[in-house]
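Presented below is the structure to which this report refers.
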Amino acid sequence: MSTLYALAEQIEASAIGVAIAESRYAYPIIEGIHLIGLAVSVGLILLTDLRLMNLFMKRVPVVDVLRQLRPYVIGGFIAVFISGGVLFWSAAARMLDSPAFVAKMIFMVFAGLNALYFEFVIAKRAPVQQNHPVLPSSVAYAGVASFALWTLVVMCGRLIPYLPNWG
Amino acid sequence: MTTFEVLTWLQDSALAHAISKTDHLVGAGLQIVHVMGLVALLASLLLIGLHVVGLAFKHQPLTDTAREATKLVWWGLALTALSGTLMFIATPKLYFYNPAFRLKMILFFVAVIVQLLLFRKTAAQTSPKPGFARASVAISLAAWFSVAMAGRMIGFI
């Protein structure tokens, strides 16, 4: 942990890190890109989750929702990851100080694992692929898990400045 | 009464004190509701927009998706407006004189006008003219995403 922290301090103190942290407009604009990318990627995922729970767009087959929204979800994620990476670069040690940031990363890993399991196991099953009127309950469970985990990711992200240290 | 006096009165009101003098996590809670509402609002508008211009769900009837997603747009707008109003009441002087906040409010006004005059009309049609549809979706989304961008900048400017 202490080596990780030392590394984070080094990243934060690097020329790029300092330049971002100290620029008047770059930092807020990157924050804005992070928010917009989040609204696109996580927002469309939450809508997809509502479809998996059978609460939204019931008449559109699940496979269609997944396939048609995928490019925009991925596009949004690229924006979120790049902007998030740059923001982290400028405040790496401060981020590790915040329990909200650490919780956010943990929830993100679980959200990612849930998405992979859904994509490669649940969504590959015949009833989903053939759009049966009643889908296995695992589909709805995956939707609930995804909805909860991504909501927690967003909540923890917003809490980072409010929970700056472990004390 | 001058604007400054109005803001002072608001900042000293019982409601403002109730929000700002309690735990600072109340403010964080409002911020979370504000973000989640914004995510619902933007993602639903994007979904309707993609459908209107034919980039997603081409073979589904337009009005179905638009009607369902519009409900979520309203939910998102209600959550952001309510939490935003409470945040403003808690510290009106902080927001009122902030250039990013002023820009955000102007953009918000523009976005609402575009929504009522262009986007809603387009989304309600079964087969809107492609050029008109594309233009109104692009203008509307640009306006709403600019609101989000300006809003995010309030804390830094």
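Note: hydrogens, waters and symmetry copies are ignored here, and every other heavy atom, side chains too, is used. Reminder, nothing fancy here: chain letters follow the sequence lines and each chain counts from 1.
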Go through the atoms of Leu44(A) and report whether side chain, backbone, both or neither lie under 4.5 Å from a heavy atom of chain B. both
Might you point out which heavy atoms bring Phe57(B) and Val65(A) nearest each other, and give the distance in Å? CE2-CA, 3.7 Å
Side-chain heavy atoms under 4.5 angstrom apart, residues restricted to Ile, Leu, Val, Met, Phe, Trp, Tyr: same cluster for Met95(A) and Ile11(A)? no
Which one of Gly32(A), Ser41(A), Pro28(A), Pro161(A) has the most heavy-atom pairs closer than 4.5 Å to chain B? Pro28(A)
Non-hydrogen atoms of chain A under 4.5 Å away: do they reach the side chain of Leu55(B), the backbone, both or neither? both
Gap between atom CG of Leu38(A) and atom CG of Leu42(B) - 0.5 Å precision: 9.5 Å
Toward chain B, the part of Leu50(A) with a non-hydrogen atom under 4.5 Å: side chain
Heavy atoms, side chains only, cut-off 4.5 Å: are Asp64(A) and His59(B) in contact? no
Might you point out which heavy atoms bring Ile29(A) and Met149(B) nearest each other, and give the distance in Å? O-CE, 3.7 Å
Inter-residue atom distance Ile32(B).CD1 - Tyr162(A).OH, 0.5 Å rounding: 8.5 Å
Check the surroundings of atom NZ in Lys124(A): do more than 12 heavy atoms from other residues, nucleotides or ligands lie under 6.0 Å from it? yes
Does Ile160(A) belong to the same Ile/Leu/Val/Met/Phe/Trp/Tyr cluster as Leu38(B), with side-chain heavy atoms less than 4.5 Å apart forming each link? yes
Nearest heavy-atom pair of Gln31(B) and Arg158(A): which atoms, and what distance? OE1-NH2, 3.0 Å
Is there a side-chain contact between Leu35(A) and Phe145(B), using heavy atoms and a 4.5 Å cut-off? no
What one should report as the nearest heavy-atom pair of Gln60(B) and Arg59(A) is OE1-O, 3.8 Å
Using heavy-atom distances under 4.5 Å, tell me whether Ala56(B) contacts chain A through its side chain, its backbone, both, or neither. both
Under a 4.5 Å heavy-atom cutoff, which of Thr65(B), Val35(B), Leu50(B), Leu46(B) has the most pairs with chain A? Leu50(B)
Compare every heavy atom of Ala43(B) with every heavy atom of Ala39(A), then report the nearest pair and how far apart it is. O-CB, 3.7 Å
Residues 66-92 of chain A: residues contacting chain B (heavy atom under 4.5 Å, by number): Gln68(A), Leu69(A), Tyr72(A)
Non-hydrogen atoms of chain A under 4.5 Å away: do they reach the side chain of Ile157(B), the backbone, both or neither? side chain
For Leu47(B) versus Met57(A), what's the shortest heavy-atom pair and its separation? CD2-SD, 3.9 Å
If I measure from the heavy atoms of chain B, does Leu159(A) come under 4.5 Å with its side chain, its backbone, both, or neither? side chain
By a 4.5 Å heavy-atom criterion (distance strictly below it), what part of Ala69(B) contacts chain A: side chain, backbone, both, or neither? both
Taking a cut-off of under 4.5 angstrom between non-hydrogen atoms, the residues of residues 104-120 of chain A near chain B are none
Contacting region of Val154(A) [heavy-atom separation from chain B under 4.5 Å]: side chain
Among Met36(B), Glu68(B), Met153(B), the residue with the most heavy-atom pairs under 4.5 Å to chain A is Glu68(B)
